[in-house]
Amino acid sequence: MMRSPATLSRRLVSLDYAAMCIALPHIAQQLSLTPQQTPAVLAVYGFCFAVLSLIGGVLCARTGSRRVFIVGRGIFLLASVMGALAANGVWMLAARALQGTGMALIHQALKGGESGGESGSKAPVSADSGAMTGLVAGLVLGAVFSEIDWRLIFLLNLPALWVICRSAGHDYPWQKVPGRTFPAGALIASVAAGSLFLALTGFARTGQPDFIINRMTALLCLLFLVREKWSPRPLFPRPLRDNATFCVGWLSRLCYVGSAGSQWYLLAFYGQQQSLSPGASAGLLCIAVLLIITGRQVYTLLSGRMRHSALLTGGFLCCAAGLFLAGETCDQPLSVTFIAGVCLSSLGQGLLCPALFSTGGRRIPDNAQEQAARVMLICRFTGGAIVLAMLNVITGGGDLPAAWPQAFYLIGWVALAGGVAALNTPPTETSA
């Protein structure tokens, strides 16, 4: 059955993130990326996707979804070719920024044409639909293409985009979407998170705090708090602040990307540092992928028998236990205990992916749906980028082998925080 274009675009985003996590060590080695540039290859895509998704909604309302889609398609095609031809770190970062920009415009245009916009729709807060398929495909293709040539990952975007364009044929219901306001608060929050990312990666590179970046980060955070206090349209309006399921939703997404979503970045560089053979890496990855799929099936079996909050909590705790176990034995990467930890965290991720689909989107008034979607989007992309920067600080860009246990512990604690947040899900919130 043909999926909707918006669902296909979400899957492409998940596929790209997972594939780049696996391929990034090869890219960093061949292009001689600095410790500051390496996590930025992932983060700049996420920041640009988040910011342009916010602005793209306004553009769709003012110029029409079809025009935005055509522009986004052109930018994404150009960026994919640039990435495949990248010869240095600056070129690669520019390509990734343009990729995030183009995909954000494509995704917003397709959502506008498909559902008539965000306002009054339950669709925006379930924007993680399709993430499981994209995640599994990205992990497998990233591993395969990395061994052949990592540039194939960028060229893979071309047929993927062709499929999306074909599914959005001439009879696709393009339309202008009324009622979207400029997301000033969301943009300030995204820029503040980006500034914090720069401060952390700069500290990882030099070991010294950057006076200008740190002051700019503090100023942006203060500006955001002042605006939230006195603005008539804050990013967190009272109807959302008082909604317990929404608070669990955005906290769960932030913790998921910062733990289960970040473990592949950490494992890829850890495997390179430990000089694992291609066979050992492929075997470990295959086991992890099978456990992710198994976790999805376990969720399907239990979703009609257990409360949604119990499944969400169980997924986070399973992921946290696996990450702590891997951290305890990361000096022996092929030991039974380390492999068991990776398998346990993968099983938890398989539980978390579907559990997040129905988290935070219920009992939200129609007039607050657009704001809810903005918060979910910012948490999903900026939170993960900040955790990547923190991992880079801990490991010294991969140059501090003794710090790997602390890196695994960090994302394990983030997963544990997600489990604590899931425990606060209201009793009436049941599994979908």
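We number each residue from 1, following the sequence as shown.
- A distance of 15.5 Å separates CG of Leu291 from CZ of Arg296, quoted to the nearest 0.5 Å.
- Contact annotation: the side chain of Leu85 never approaches that of Phe154 to less than 4.5 Å [non-hydrogen atoms, C-beta and beyond].
- In this structure, Tyr256 and Cys353 approach most closely via the heavy-atom pair OH-SG, 3.0 Å.
- In this structure, CG in Leu105 is found 8.0 Å from OG in Ser53, a value given to the nearest 0.5 Å.
- A 4.5 Å side-chain heavy-atom check between Ile153 and Leu141 finds every atom pair outside the cut-off.
- Side-chain contact between Met92 and Met82 is absent, with no heavy-atom pair separated by less than 4.5 Å.
- A distance-only check finds no donor-acceptor pair linking the side chain of Ser231 to the backbone of Glu228 [under 3.5 Å].
- Among residues at least two apart or in separate chains, salt bridge (charged side-chain N to carboxylate O under 4.0 Å, His left out) pairs with a member in residues 14-23 are Asp16-Arg96.
- Under the side-chain hydrogen bond (donor to acceptor under 3.5 Å, both in side chains) criterion, Ser146 pairs with no residue at all, not counting sequence neighbours.
- Contact annotation: the side chain of Val420 never approaches that of Thr313 to less than 4.5 Å [non-hydrogen atoms, C-beta and beyond].
- A donor-acceptor contact shorter than 3.5 Å is absent between the side chain of Ser195 and the backbone of Val191.
- Judged as a side chain to side chain contact (heavy atoms under 4.5 Å, CB included), and not counting sequence neighbours, the contacts of Ala192 are Leu220, Cys221.
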side-chain contact (heavy atoms from CB on, under 4.5 Å) between Asn88 and Leu31, worked out: CA-CA 5 Å; Asn88 54 56; Leu31 299 185; 5.9 Å; no
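- Of the inter-residue distances, the one linking Ser262 atom OG with Phe408 atom CZ reads 12.0 Å to the nearest 0.5 angstrom.
- With values rounded to the nearest 0.5 angstrom, Thr101 atom OG1 is found 11.0 Å from Leu78 atom CG.
- Tyr45 meets the ring pair (Phe, Tyr, Trp, His ring centres under 6.0 Å) test with no other residue; sequence neighbours excluded.
- Judged as a ring pair (Phe, Tyr, Trp, His ring centres under 6.0 Å), and not counting sequence neighbours, Phe145 has no contacts.
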side-chain contact (heavy atoms from CB on, under 4.5 Å) between Cys343 and Ile287, intermediate numbers included: CA-CA 7 Å; Cys343 291; Ile287 295 173; 3.2 Å; yes
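- Checked against ring pair (Phe, Tyr, Trp, His ring centres under 6.0 Å), Tyr265 has the following partners two or more places apart in sequence or in another chain: Phe269.
- Shown here for Ile394 and Ala407, the closest heavy-atom pair between the two residues is CG2-N, 3.9 Å.
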Chi angles and distances behind the side chain to side chain donor-acceptor pair (under 3.5 Å) call for Thr329, Thr337: CA-CA 7 Å; Thr329 56; Thr337 307; 5.3 Å; no
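- Between Ala389 and Thr201, the closest heavy-atom pair is CB-CG2, 3.9 Å.
- For the pair Leu410/Met390, a side-chain contact is recorded, criterion being any heavy-atom separation below 4.5 Å from C-beta on.
- For the atom pair CG (Leu12) and CE (Met103), the distance works out to 4.0 Å, reported to the nearest 0.5 Å.
- Partners of Glu328 by side-chain hydrogen bond (donor to acceptor under 3.5 Å, both in side chains), not counting sequence neighbours, listed by chain and number: Tyr409.
- For the pair Leu347/Ile292, no side-chain contact is recorded, criterion being any heavy-atom separation below 4.5 Å from C-beta on.
- By the 6.0 Å contact criterion, CD1 on Ile212 is open, its count of non-hydrogen atoms from other residues, nucleotides or ligands being 12 or less.
- With contacts defined as side-chain heavy-atom distances shorter than 4.5 Å, the pair Leu161/Ile106 qualifies.
- Between Ala199 and Asn214, the closest heavy-atom pair is CB-OD1, 3.4 Å.
- Minimum heavy-atom separation, Ala86 to Trp150: O-CH2, 4.3 Å.
- The closest side-chain heavy-atom distance from Thr38 to Asn392 is not below 4.5 Å.
- Between the OG atom of Ser80 and the CG atom of Leu98 there is a distance of 10.0 Å, given to the nearest 0.5 Å.
- Contacts of Ala288 classified as side chain to side chain contact (heavy atoms under 4.5 Å, CB included), with partners at least two apart in sequence or in another chain: Trp264, Val342, Ser346.
- The backbone N or O of Gly383 sits nowhere less than 3.5 Å from a side-chain atom of Arg253 that would complete a donor-acceptor pair.
- Counting only residues at least two apart or on different chains, the ring-ring contact (aromatic ring centres under 6.0 Å, His included) pairs with a member in residues 313-338 are Tyr270-Phe338, Phe324-Trp413.
- Legend: residues meeting side-chain hydrogen bond (donor to acceptor under 3.5 Å, both in side chains) with Asn157, ordered by chain and number and at least two apart, are absent.
- Applying the side-chain hydrogen bond (donor to acceptor under 3.5 Å, both in side chains) rule to Gln406 yields no partners; only residues at least two apart in sequence or on another chain are considered.
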Test log, rule side-chain contact (heavy atoms from CB on, under 4.5 Å), inputs Gln108 and Val68: CA-CA 8 Å; Gln108 286 299 311; Val68 173; 5.5 Å; no
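- Minimum interatomic distance between His107 and Phe49 (heavy atoms only, all atoms of both residues): CD2-CZ, 4.1 Å.
- Residues passing the side chain to side chain contact (heavy atoms under 4.5 Å, CB included) test with Ala143 are Ile22, Leu285, sequence neighbours excluded.
- A donor-acceptor pair under 3.5 Å is absent between the side-chain atoms of Asp149 and the main chain of Leu152, judged by distance alone.
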